[in-house]
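Computed from heavy atoms alone, side chains included, the values below leave out hydrogens, waters and symmetry copies. The chain is numbered in sequence order, starting from 1. Please read these numbers as outputs of a predicted model, since none were measured by experiment.
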Amino acid sequence: MTYSTEKLSEEKVFKDPVHRYVHVRDRVIWDLVGTKEFQRLRRIKQLGTTFLTFHGAEHSRFTHSLGVYEIVRRMIDDVFDGRPEWDHDDRLLTLCAALLHDLGHGPFSHAFEKVFDFDHEDFTRAIILGDTEVNKVLQHIGSDFPEKVAEVIAKTSPKKLVVSMISSQIDADRMDYLQRDAYFTGVSYGQFDMERILRVMRPREEQVVIKKSGMHAVEDYIMSRYQMYWQVYFHPVSRSAEVILTKILHRAKQLFKEHYLFKYEPLHFFSFFRENVALEDYLKLDEAVIMYYFQIWQEEADPILSDLCRRFVNRNLFKYAEFDPAKEYKKMAELNALFIQAGIDPDYYLVVDSSSDLPYDFYRPGEEEERLPIHLLMKSGELRELSRESEIVDAISGKRRTDHKLYYPADFLADETTAGEIKKQIRSLLE
């Protein structure tokens, strides 16, 4: 028996609130879960700052990654195995890619990436291919196996069916995070009939397709995704927290460049501020470390850094107003000037944040991004793109919705002990 086919003497299970159990029989998967790089995902929240809006949203990238693995395992072992279009030799590759797909996420994920201009997928690749415990496990299967896993996650693999199982408009990643995030936030929007979808999935050379009889379950899935984005992921209070988080990191980076003397040197951030980040440094920085610095930076002499950290730690967030940058650019210029007159730095305290989502689309030649459409498998064997059969999906296909909010510190503006008249002008403009 080779390492790639070795089974555990007894099946291991993780009790899971979404899938009931996550089943592991493959020695490779069990060994990957035990690596320090994968265990690090316990210290990275799945939903970033959303826990400040939905107090139950404390779940981690670790739990989500196990969930994606379990959905893919069920796809393969319960539905695809034995079908002529499925190559059983791809089983382990697919399971490993599913388990490791989020391995490179940093603390507070997307907000962190914006500040330091990172892409977590680059770090996922670096972990899989670098001098890591994960790489050593994958190397036991074959010297080229880490690269094959990295290609699937990066969507550059020639095995397009495998890629679509983990990254497409109906994939294991989305099916897990919608249900998991709905469960932990306590909302009902993300619920859909995954059991039905799994039963009607079929492998094809290029992608996973859905039997026509399962169309209504897919419609429900797409509408669940739409609602989750606008009710949870783009919630304005969570975005306020993310704005403050982003501004804290920007401020600390700016102070470092200005040779500011921190009371407590931010040792874990040095390579990030110098824009020369080694993988070892990246893996050391998790959310526990960041929250430690936010705690101690409350005592810094710099008033902006200390104030922003107090706001984040104690959940004293910015208020928001509806804002249309295309129509209200003159108002924004006026607000900027008034903030400066009032002694409030608009770079940190007057922030426009935009959210945008495209719930479903099909490939449109010449547009910015190719989206692999969802195909229905008709009784005749023909494949038809979903929106051609579903009026519900057709109604939202290709329709991008965008929302803009203007964030500001209402408590600063309410304090009229200084610049009282100017602050009244600001409030009247915001209201």
Would you call the rings of [X] and [Y] parallel, tilted or perpendicular if under 30° counts as parallel and over 60° as perpendicular?
X	Y	answer
Phe118	Phe272	perpendicular
Tyr282	Phe123	parallel
Tyr229	Tyr177	perpendicular
His105	His120	parallel
Tyr3	His140	perpendicular
Trp86	Phe80	tilted
Phe273	Phe269	parallel

Quiz item: Taking all non-hydrogen atoms of both residues, which atom of Ser4 and which atom of Leu92 are closest, and how far apart?
Solution: O-CD2, 3.5 Å
Exercise. Identify the heavy atoms of Gln169 and Leu372 that sit nearest to each other, and give their distance.
Key: NE2-O, 3.1 Å
Using a distance-only test with no angle check, is there a side-chain donor-acceptor pair under 3.5 angstrom linking [X] and [Y]?
X	Y	value
His88	Asp81	yes
His59	Asp181	yes
Arg401	Tyr226	yes
Thr53	Ser238	yes

Quiz item: Cationic tip of Lys15 within the cone over Tyr21's six-membered ring, i.e. under 6.0 Å and within 45° of the normal?
Solution: yes
Atom [atom1] of [X] and atom [atom2] of [Y]: how far apart are they, to the nearest 0.5 Å?
X	Y	atom1	atom2	value
Gln179	Phe192	CD	CZ	4.0 Å
Glu300	Leu305	CD	CG	6.0 Å
His19	His23	NE2	NE2	10.5 Å

Quiz item: Got a salt bridge between Arg40 and Asp286, using NZ or NE/NH1/NH2 to carboxylate O under 4.0 Å?
Solution: no
Practice problem: Measure the shortest side-chain to side-chain distance between Asp307 and Phe412 over non-hydrogen atoms and say whether it is less than 4.5 angstrom. | Solution: yes
